[in-house]
Every structure is written in C-alpha cells, then in structure tokens.
There are 2 protein chains.
Amino acid sequence: MLPHGDLHCSDCHIRHRAVCSRCDEAELQRLEDVKFYRRYEAGQRIVWAGDELSFVGSVVSGIATMSQSMEDGRVQMVGLLLPSDFIGRPGRSTTPYDIVAASDVTLCCFRRAPFEQLLEDMPHVSGRFLEMTLDELDAAREWMMVLGRKTARERIASLLVSVARREANFSLVPITGDLRLHLPLTREAMSEYLGLTIETVSRQISQLSREGVIALDEKRRIIIPDLIRLEEETGENLVPA
Amino acid sequence: MLPHGDLHCSDCHIRHRAVCSRCDEAELQRLEDVKFYRRYEAGQRIVWAGDELSFVGSVVSGIATMSQSMEDGRVQMVGLLLPSDFIGRPGRSTTPYDIVAASDVTLCCFRRAPFEQLLEDMPHVSGRFLEMTLDELDAAREWMMVLGRKTARERIASLLVSVARREANFSLVPITGDLRLHLPLTREAMSEYLGLTIETVSRQISQLSREGVIALDEKRRIIIPDLIRLEEETGENLVPA
DNA sequence: CGCAATATTGAGGATACTCAATGAAGGTGG
DNA sequence: CCACCTTCATTGAGTATCCTCAATATTGCG
C-alpha cells in the first residue's frame, strides 16, 4: 500500500462523496497541498469532548463513533462516522463530542484555519459542505424518530439497514442475494447508538437471527439474506399495499 | 400594528438572530425587495410532509412544530421552530416533515430560487445560514441524548429549560426570580417532542408542579420559580461539586 | 349552555432495564 | 503451544418505568 502522504486526491475512493466532491482538478491540487493524513487504531480516541480539535477532516476508511455523555455515565451516540463523513466544525476549536475509532481509521485532515479559508475561497467546497451538513441534519432527525418511537427490534433493524444502505451506495454493488455487512461495533457501541442496553441489543439480535432475518457470520460481520425483509422490520413500511 | 408588508427589516425583532443577521443596510435592502410575509393561525398546517414547498423563510413570531410520522401513526417531533428559526432546505423542493403552527405564526419568506441566488451572492447570508444549520445539528444531537437516555421527568425538564433559555436569550431579560414561560404546546405536542405518551407528560408535569419545581399558570403558561432547580432536573448536572 | 377538545388521574400490563451467571473469543506469557 | 486472563456476548430471573385502556375533569368555543 502507498504511504498515505503519496495518495493523490484523484485516486481517493471518497473523492466523489466527501467535502471535496465538487472540486475540479485545479481545486483538488489546492487541497492536496494542505491536506495530511492521520491514522488511528481501533479503540483509540480521536478527540475527547471539550478538547481542542486543531483539525477538521474526512473519514477516508474505517468507522468512528461520535457520542455525548452525561456526568452520571449515561452515553448516547449521536453519529456514526463512515467513509466520506466529516469531522469537526469550522469556526469552533473544540468538539462537544467524544470521537472514537471503532475500527482502524484513516482521516484526511486540514488544519482548521486553512480549511476555513478554503470554505471562503472555494464555493465548490463550501457548497458541498453545506449540503453535507444538511444531510447530517436530516439523518439526525431520522434518528430522533428511531430513539423516540421505535421498539428495540425496530432499532436494531434500522441500524443495520442504514449501514447496509450506505455500504451499498458506496460500492455500487446491486443489492442482490446475501449482503455481507461489516459492522465493527461492539454490543456496547450499538446500545449507545440505539438508546438501549447491551443485553437488549444482544437479545434482539439473537431473536432476529433465530428467525432468519439476519445471520451472524464471524465476529462483527452480519449477513442479510433479504434486505427487503429486514427493512420491513424497521417499522418504516416502504412497501405500499 | 403595521401591516406586515410595511415592516422594515431594520425594525424586525429577529434581525440579529435570523439568517439575515450579518447583513448590512444595503444587503438588507436587497432582502427587503424580495421578502414577503405569511401568516398562519394556531393549528394550521404550514406544509405537509412530501408536499411541494415553494418558499423558505424564517419564523418571525409564534411557534411551529416540525415532525415526522410513521405509517402506523407514530409521530416524532424533530424540531420546535421558534422566532428566527429557518424553514425549508435550499436545493430541495419538498420537505420530509410536517410543519404545523402551534400558535399564530408569522413567517418572513423568500421564494426558493431567489433565496438560492442570495446564498450564492451574499456571503453574509450563506455564512450565517451555514452557522445556523450547524447549530441546528448540535441541537438535534442534544435532543438525541434526551430521547435516547433521559427519563420522562428529565425530558420534561429538558424541554422547559431549552425553551426558557432561548426565551431568556432573546429578550435579554436577566433570569431573576420567577420566569413566566409561554409554551403554546398541547400535551400531545409535548409528548410527540419528548418521545412519550400524553399521559406520561401529564403525570410528570403534575408531579413537578406538586413538588414546586414548576407552577401551572393559565393555560399554556408555566412559571419557573427557580431555573437552577429546574436545570438540575434535566440530568445534566451543570453545577460542579 | 352544552359540546368538543384537552388534560388529569387510576389500574393493570408490556417492554426494556438491572443484576447476575455463564460462555466464547482473543491476546499474553510461561 | 496451551493455560490464563480480560474483554465481549449471551441468557435468565425479577423489576421498574412507561404505555395502554378507561374514566373523569377542565377548558374553550359556538
């Protein structure tokens, strides 16, 4: 594998989804000049809530979690950061969220000040950034529905479907036959995302597995024999009668 | 009161918080040329999920709710729209949310296409719009914590505190003594926001009232004798030991 | 004044939580 | 290379919080 410093933007596999997706070659060159990569191992924290975050950037590969905690230890995940997702908020030097690498993670980073300059100078960057932020907002609101109104079983299904959809979107693999999903989240991480306890997550996954809606492959890998069937379990009945 | 067509931006009381807040006088004039007002009565729907939304705009006065529904009737409110909040998404002609006037509401509107042009031409508008969107995202994530992890009692307290804070922020009234809060939401609307049932909302409000943490004034009006005390009930212990 | 909408309160029940024990997997060192 | 330990996952029993169903107040409005 190439050392990451040598990776060209034009070869980057998040090229067409990330904050840079609208840039032309000349613009990419400008990003290339100031970008740098950071790598984190699974389990490593990327930032701690309240800490200074000197950079912003995109997830290139791997999965990170973003969560909020209460003083008494309750934790709620507020975002699952997949490749092309953006970390950090321009104009603010700290994050209110803990960000942790769930798997090995590579980030494509910019120091904050230069990135803010890019936002000002390059409409292709700022426009895409705004669009991504609006998409994030929609996603957060959809997740409010999950947390506020769905049963444990529906929550599990919603999580799996949302990751499956993004994965399918990304690899452009048509969703036929078995879908083998890599979900590098512990039961604890899932429970934090879903607003449940570890035990409830475990029980519901066992249940879905017993019923054949999903199958458990090796660790952190789930097989979805029939995505439509799983989607029905989310409670969002997309199939009109 | 002036007919709304005559209201000058410079006299507008959301002038310093809304999407126009960074504009200078010349820029305001440009907004003034294309803006128009719309009024809705309490209970009236502003848009229905999936409907065409030909305009975008800011809440000038009143409160609106934004919610998402499932086919089986479950409803989750995903936003409470207070004065200066923005409605609609540039670049998209429909909303996925139902938006309903909870009280009489006045909106300051722009047709979508001209507004998108404004975003391109005026950095003061686009910059502020981005900032507001990022704030919304933070708020949505904070609400995920409420929905995912808080008890019924904490949820009620969180709702009241968040509205109280915004109100205090707006009127710049120092938070001393009794705080008289106007909250034009039915128990049903609150339950939809909080991910609870009407009955649970009612019981928890009765409970808080019995304990003197809040007092019920006339309809849709709540007295907060001690905001600090109420904040303690949100579960977010802001007071370090 | 009376009806419709909204709110309160009670009784019973279901879903998810807590506490606890057991099992499986992965890494470390003898 | 295997025993041991730690971490993670599963499963069970009992419980609590919130939901459902239902009856009764209260409010606002025609």
Side-chain angles (χ1 to χ4, degrees), chain A residues 41-44 65 70 72-76 100-104 146-159 183-211 214-222 233 235, chain B residues 41-44 65 70 72-76 100-104 146-159 183-211 214-222 233 235:
Chain A
E41 291 179 9
Q44 206 181 346
T65 65
M70 290 169 66
D72 61 7
R74 280 177 280 180
V75 177
Q76 176 62 54
V100 177
S103 63
D104 290 353
V146 171
L147 295 173
R149 291 301 178 194
K150 291 195 179 181
T151 65
R153 181 185 175 95
E154 290 169 337
R155 294 184 201 204
I156 302 283
S158 299
L159 168 61
L183 189 65
L185 297 181
T186 62
R187 295 288 180 266
E188 182 174 36
M190 290 188 218
S191 73
E192 288 172 0
Y193 198 26
L194 298 170
L196 299 169
T197 57
I198 298 179
E199 295 93 325
T200 299
V201 170
S202 186
R203 273 185 258 269
Q204 295 297 332
I205 288 184
S206 298
Q207 183 71 26
L208 286 168
S209 169
R210 239 174 279 131
E211 296 174 20
I214 59 174
L216 301 179
D217 206 13
E218 34 179 301
K219 209 157 186 68
R220 312 279 150 89
R221 220 164 258 286
I222 289 174
E233 294 293 346
Chain B
E41 290 180 10
Q44 205 180 347
T65 66
M70 288 168 66
D72 61 6
R74 281 178 279 180
V75 177
Q76 176 63 53
V100 177
S103 64
D104 289 353
V146 170
L147 295 173
R149 291 300 178 194
K150 291 196 180 180
T151 65
R153 182 186 175 94
E154 289 169 338
R155 294 184 200 204
I156 301 284
S158 298
L159 168 62
L183 188 65
L185 297 181
T186 62
R187 296 288 180 265
E188 182 174 37
M190 290 187 219
S191 72
E192 288 172 0
Y193 199 25
L194 299 170
L196 299 170
T197 58
I198 298 179
E199 295 94 324
T200 299
V201 170
S202 186
R203 272 185 259 270
Q204 295 297 333
I205 288 184
S206 299
Q207 183 71 25
L208 286 168
S209 168
R210 240 174 278 131
E211 296 174 19
I214 61 175
L216 301 178
D217 207 13
E218 36 181 296
K219 207 157 189 66
R220 313 276 152 88
R221 222 164 255 287
I222 288 174
E233 295 292 345

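Every heavy atom of this structure was used, including side-chain atoms; hydrogens, water molecules and symmetry mates were not. Below, chains carry the letters A, B, ... as their sequence lines are ordered, and counting in each starts from 1.
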Taking the side chain as every heavy atom from C-beta outward, state whether [X] and [Y] have any pair of such atoms under 4.5 Å apart.
{"X": "B:S206", "Y": "B:R210", "value": "yes"}
{"X": "A:E154", "Y": "A:R149", "value": "no"}
{"X": "A:T65", "Y": "A:E192", "value": "no"}
{"X": "B:I222", "Y": "B:D217", "value": "no"}
{"X": "A:L183", "Y": "A:M190", "value": "yes"}

### Message
How many whole angstroms separate atom CG of B:D217 from atom P of D:dT27?
### Response
12 Å
### Task
May I have the distance from A:R149 (atom CZ) to D:dC18 (atom C1'), rounded to whole angstrom?
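After rounding, the reported distance stands at 11 Å.
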#### Entry: Distance, nearest 0.5 Å, that separates CZ of B:R203 from OG1 of B:T197
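The CZ atom of B:R203 sits 7.0 Å away from the OG1 atom of B:T197.
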### Message
Quick check for you: to the nearest 0.5 Å, what is the distance between B:E188 atom CD and B:I198 atom CD1?
### Response
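With rounding to 0.5 Å, CD (B:E188) is 4.5 Å from CD1 (B:I198).
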### Message
At 4.0 Å (heavy atoms only), tell me whether B:G195 reaches a base, stays on the sugar-phosphate, or touches nothing.
### Response
sugar-phosphate
### Message
Under 4.0 Å from a heavy atom of chain B: give me the 5'-most and 3'-most nucleotides of DNA chain C that qualify.
### Response
C:dT6 to C:dA11
### Message
Across nucleotides 7-13 of chain D, 5' to 3', mark each nucleotide with B, S or - according to how protein heavy atoms within less than 4.0 Å reach it.
### Response
-SSBBBB
### Query
Can A:Q204 and A:E233 be said to form a side-chain contact (heavy atoms from CB on, under 4.5 Å), step by step?
CA-CA 12 Å; A:Q204 295 297 332; A:E233 294 293 346; over 6 Å; no
### Message
Closer than 3.5 angstrom, by distance alone: can the side chain of B:R153 be matched with the main-chain N or O of B:I205 as a donor-acceptor pair?
### Response
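No, B:R153 side chain to B:I205 backbone: no donor-acceptor pair under 3.5 Å.
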### Task
Keeping the roles fixed (side chain from A:D104, backbone from A:A42), state whether a donor-acceptor pair exists under 3.5 Å.
yes
### Message
When the axes are fitted on five pairs at both termini, how much does the helix from C:dC1-D:dG30 to C:dG30-D:dC1 curve, in 10° steps?
### Response
30°
